[in-house]
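Written below as structure tokens is the structure these notes are about.
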Amino acid sequence: MAVTAVESAETDLDRRIERLAGELAATGRVVPGISVDGSGSARSWWWPLPAARDRAAIASACGDGSTEAQRSVAEQLAIAVDRIVRTRLVTRGVELTPRRPGRRGVEEAWLISLTRTDPSLARSLDADKLRAFEREITGWVASGASTTGRIRLCLRVREPAGGVDDGGVDGRWSVELLAQDATEPSLIVPAVDVWRGRSPFGEHAVDDLLASLGRLARLAPELAAVLDAAEPVDLSLTSSALMDVVTQRSATLADAGIVMLLPAWWTQRRRPGLRVKAASRGSGADVISAGGVGMDALVSFRFEAALGDQRLTKADLATLARAVAAKQALVRVRGQWVEIRAEDLALIAQRAGETGEATVAEVLRTGLGLEGLAVPDGIEILGVAATGWLGDLLDGALHATVTPVATPTEFHGRLRPYQERGAGWLRFLGRLGLGACLADDMGLGKTAQLIATLLADETTGPTLVVCPVSVLGNWQRELERFAPTLTVLAHHGPDRFTSHRAKFATRAKRVDVVLTTYSLVARDAKDLESVRWARLVLDEAQQVKNPATAQTRAVQRIRAERRVAMTGTPVENRLSELWSIMHVLNPGLLGTKSSFRQRFGVPIERDHDTESAERLRKITAPFLLRRLKTDKTIIDDLPDKIELTEHCPLTREQATLYQAVVDELIAAAAE
């Protein structure tokens with residue numbers, strides 16, 4: 001049968017579309033998509049993403065160029081590309097997401113369907129979520145986020161030529177255009193080399209660069225002037241326009257394959273803010289406070305304008321004000337570029353010099369980067385500069401400045417040097433009314449350090465020691481061994497109330513130490529709360545790791561001037577356990593349980609965020625002393641390790657039974 005001219009033309013068109021579809025698929029010029037019809041049925045697509053060099057081939061396939069012809073070619077090309085890409089992915093067994101049992105969300109179902117022969121998504125998926133996802137994907141593609149071609153456009157930001165003297169307002173910033181190899185990022189050449197045909201990117205480099213410039217002008221209107229030149233190589237911007245591009249457009253540009261290369265200092269650029277200048281009397285070596293200051297004590301402070309750890313003078317503020325008046329967003333002060341905002345600068349100038357009072361907890365939390373002192377929204381507290389013992393806490397120098405406690409005369413024994421340092425640390429924080437967690441490794445003598453502290457830091461009231469029932473007897477023996485001069489009352493057992501219950505407080509005040517157990521704290525809460533304890537000691541403090549238990553809540557209600565937790569495992573399973581212990585010792589220091597989880601628990605436990613972990617370590621370091629047997633600072637203080645080998649030979653009957661079990665296991669393994 002003769003082939004008509006129409007059939008021949010259609011066959012030729014099919015071949016050209018198939019050839020173009022194959023080239024697009026082979027070079028990666030495709031993009032994933034999704035379509036949802038009126039009934040809510042959805043299917044995934046691999047859409048063609050032709051570049052400028054494909055225009056001629058597409059135009060020739062469109063015949064007369066009518067709208068109908070263009071639509072027909074677009075549909076055929078889309079179908080051909082989708083079929084070719086799917087076939088290749090299925091043949092190679094490619095999966096875009098791990099497959100797992102259970103119900104899948106829209107995104108996961110879409111990713112799975114992209115690598116299957118059948119493009120349809122399950123009808124059980126929510127139609128509204130599918131349409132929302134379709135809009136998101138369509139907008140992503142329309143923005144130019146999915147790019148092709150060998151090169152990427154790079155924008156290198158340069159400071160005003162020649163620099164600017166301190167105190168001057170910055171000039172215009174230069175943005176140099178570069179072309180980067182998409183597969184070899186280290187290969188970058190100036191745009192001028194592309195225009196002049198000197199680049200290593202091949203014959204289509206000019207088309208690719210022009211396409212990128214078009215996307216740049218569309219996504220960042222501040223840079224649209226780049227298209228004014230026939231062969232653009234750079235452009236200049238004010239600092240305000242540059243800040244808008246970097247802060248508002250950079251993420252969108254990155255999605256579109258356009259990279260911004262900023263100066264090395266940019267990520268550490270600073271903004272002016274307020275610094276808190278606080279003062280506390282005494283130092284870690286000589287502070288004496290009979291009643292203790294505690295977390296609720298008030299300290300005086302003053303706000304001062306600052307840039308990092310440098311104080312800003314009135315002249316510096318005037319320089320920043322001139323830059324704001326000139327509508328600049330960056331100004332060079334003291335050798336560094338500073339980001340400024342008019343509203344922030346006005347508030348900083350207004351608050352600088354103000355004085356006030358705040359609690360120790362508020363100042364500490366502010367200095368440690370947590371919510372503390374109330375300041376206007378947008379104003380950054382750059383830190384706390386403090387003197388005295390408060391400065392020691394914030395600087396992390398507390399452990400080094402605390403004076404060790406020499407072995408008390410009444411102590412029957414000899415403290416090792418690291419134990420003297422531990423007792424000195426407990427005494428120092430105790431006199432400040434701050435809670436301390438002694439978390440030394442097991443075997444380093446936490447009990448001995450605490451008993452030495454009882455003798456070296458005399459109080460006007462009794463100490464309450466709460467411990468597991470299994471170690472109550474050990475506490476009695478250790479107190480009798482190391483400090484026989486201390487009077488001890490064991491509040492335990494069915495006969496713990498030998499007389500009328502109302503006399504418990506009287507009996508407790510007549511002794512130095514009262515011992516009780518965690519199981520009795522909640523049961524005898526009213527009796528224990530009736531005493532104003534000089535010191536509360538929680539041995540095996542992991543017993544209060546769950547803030548929801550009755551015993552933890554009861555411990556929190558006990559009134560005590562000094563609080564000590566002793567545990568070799570401050571964190572056994574989750575960071576929330578550390579929060580619970582610290583909340584008993586220093587209420588409010590780590591914020592609420594929910595805020596602690598958001599700020600530290602999730603980032604550290606789920607995301608392994610080292611920055612959050614370091615911040616938590618810094619916050620808790622002043623109040624937590626943990627030393628291991630392997631620490632170089634204490635290993636010389638420990639006695640030599642003694643190893644004894646005891647041989648325990650088996651009896652004839654034991655050896656016979658053992659050999660029978662071995663023979664049975666060998667026979668079973670051989671089968």
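Below, each value reflects all heavy atoms present in this structure, side chains not excepted, and no hydrogens, waters or symmetry copies. Just so we're clear, the structure is a prediction, and the values are computed from it rather than from any experiment.
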> Which of parallel (below 30°), tilted (30 to 60°) and perpendicular (above 60°) describes Phe600 and Phe596?
Replying inline: tilted
> Is there a donor-acceptor contact under 3.5 Å from the side chain of Ser199 to the main chain of Asp193?
Replying inline: no
> Yes or no on side chain to side chain contact (heavy atoms under 4.5 Å, CB included) for Val602 and Arg597, after CA distance, side-chain angles and deciding distance?
Replying inline: CA-CA 6 Å; Val602 172; Arg597 182 178 181 277; 3.7 Å; yes
>> Using every non-hydrogen atom in the two residues, find where Ala205 and Ile151 come nearest and quote the distance to one decimal.
In response: O-CD1, 3.5 Å
> How long is the span from the OG1 atom in Thr620 to the CG atom in Leu575, to the nearest 0.5 Å?
Replying inline: 10.0 Å
> Within the side chain of Thr115, is there an N or O that forms a donor-acceptor pair under 3.5 Å with the backbone of Ile112?
Replying inline: yes
> Can Glu611 and Arg615 be said to form a salt bridge (charged side-chain N to carboxylate O under 4.0 Å, His left out), step by step?
Replying inline: CA-CA 6 Å; Glu611 184 177 344; Arg615 185 181 298 114; 3.5 Å; yes
> For the atom pair OG1 (Thr138) and CD1 (Ile34), what is the distance rounded to the nearest 0.5 Å?
Replying inline: 8.5 Å
>> Using the rule given for side chain to side chain contact (heavy atoms under 4.5 Å, CB included), can you reason through Leu320 versus Leu312, listing the C-alpha separation, both sets of side-chain angles and the distance that settles it, and then say yes or no?
In response: CA-CA 10 Å; Leu320 298 176; Leu312 290 177; 4.2 Å; yes
> Between Gln180 and Pro185, is there a donor-acceptor pair closer than 3.5 Å when you use the side chain of the first and the backbone of the second?
Replying inline: yes
>> Between Trp45 and Ile79, is there a side-chain heavy-atom distance shorter than 4.5 Å?
In response: yes
> Side chains of Ser594 and Gln598: donor-acceptor distance under 3.5 Å anywhere?
Replying inline: no
> What closest approach, in Å, do Asp82 and Ser44 show between heavy atoms, and which atom pair accounts for it?
Replying inline: OD1-O, 4.1 Å
> Going from CZ on Phe301 to OG1 on Thr355, what distance comes out if it is rounded to the nearest 0.5 angstrom?
Replying inline: 8.0 Å
>> Quick check for you: to the nearest 0.5 Å, what is the distance between Leu89 atom CG and Leu96 atom CG?
In response: 7.0 Å
> Taking C-beta and beyond as the side chain, do Leu187 and Phe201 meet within less than 4.5 Å on heavy atoms?
Replying inline: yes
> Are Leu155 and Val157 close enough, and set up right, to give a side chain to side chain contact (heavy atoms under 4.5 Å, CB included), and what steps lead you there?
Replying inline: CA-CA 6 Å; Leu155 309 176; Val157 177; 5.5 Å; no
> Is the closest side-chain heavy-atom distance between Leu216 and Leu253 below 4.5 Å?
Replying inline: yes
> Residues two or more places apart in sequence or in another chain: which of them pass salt bridge (Lys or Arg N to Asp or Glu O under 4.0 Å) with Arg135?
Replying inline: none
> Tell me, do Trp195 and Val206 make a side-chain contact under 4.5 Å, heavy atoms counted?
Replying inline: yes
> Looking at side-chain heavy atoms only, is the closest gap between Glu18 and Ile84 below 4.5 Å?
Replying inline: yes
>> For a quick test of reading the model, state the closest non-hydrogen atom pair linking Leu121 to Ser113 and the distance between them.
In response: CD1-OG, 3.4 Å
>> Distance check, rounded to the nearest 0.5 Å: Ile188 atom CD1 versus Arg156 atom CZ?
In response: 6.5 Å
>> Tell me whether Arg131 contacts the main-chain N or O of Gly38 through its side chain, where contact means a donor paired with an acceptor under 3.5 Å.
In response: yes
>> Using 0.5 Å steps for rounding, measure from the CG atom of Leu114 to the CZ atom of Arg43.
In response: 10.0 Å
>> Could you tell me if the side chain of Glu222 sits less than 4.5 Å from the side chain of Leu242, heavy atoms only?
In response: no
>> Would Met260 and Val245 count as a side chain to side chain contact (heavy atoms under 4.5 Å, CB included) here? Give the steps.
In response: CA-CA 10 Å; Met260 297 199 71; Val245 172; 3.9 Å; yes
> Counting N and O atoms only, with roles assigned by atom type, does the side chain of Arg249 sit under 3.5 Å from a partner on the main chain of Ala220, one being a donor and the other an acceptor?
Replying inline: no
> Ion pair present between Glu614 and Arg617, side-chain N to carboxylate O less than 4.0 angstrom?
Replying inline: yes
> Do Leu213 and Leu177 have side-chain heavy atoms sitting under 4.5 Å apart?
Replying inline: yes
> Are Gln76 and Arg16 side-chain neighbours, meaning at least one heavy-atom pair lies under 4.5 Å?
Replying inline: no
> Counting only N and O atoms by type, is there a donor-acceptor contact under 3.5 Å from the side chain of Asp607 to the main-chain atoms of Asp609?
Replying inline: no
>> Looking only at side-chain N and O atoms, does Ser41 offer a donor or acceptor that is under 3.5 Å from a partner on Arg123?
In response: yes
> Closest heavy-atom contact between Cys154 and Leu261?
Replying inline: CB-CD1, 4.3 Å
> Shortest non-hydrogen contact from Trp265 to Glu159?
Replying inline: NE1-OE2, 2.6 Å
>> For Val85 versus Ala25, what's the shortest heavy-atom pair and its separation?
In response: CG2-CB, 3.9 Å
>> If only side-chain N and O atoms count, and only distance matters, is there a donor-acceptor pair under 3.5 Å linking Thr319 with Arg322?
In response: yes
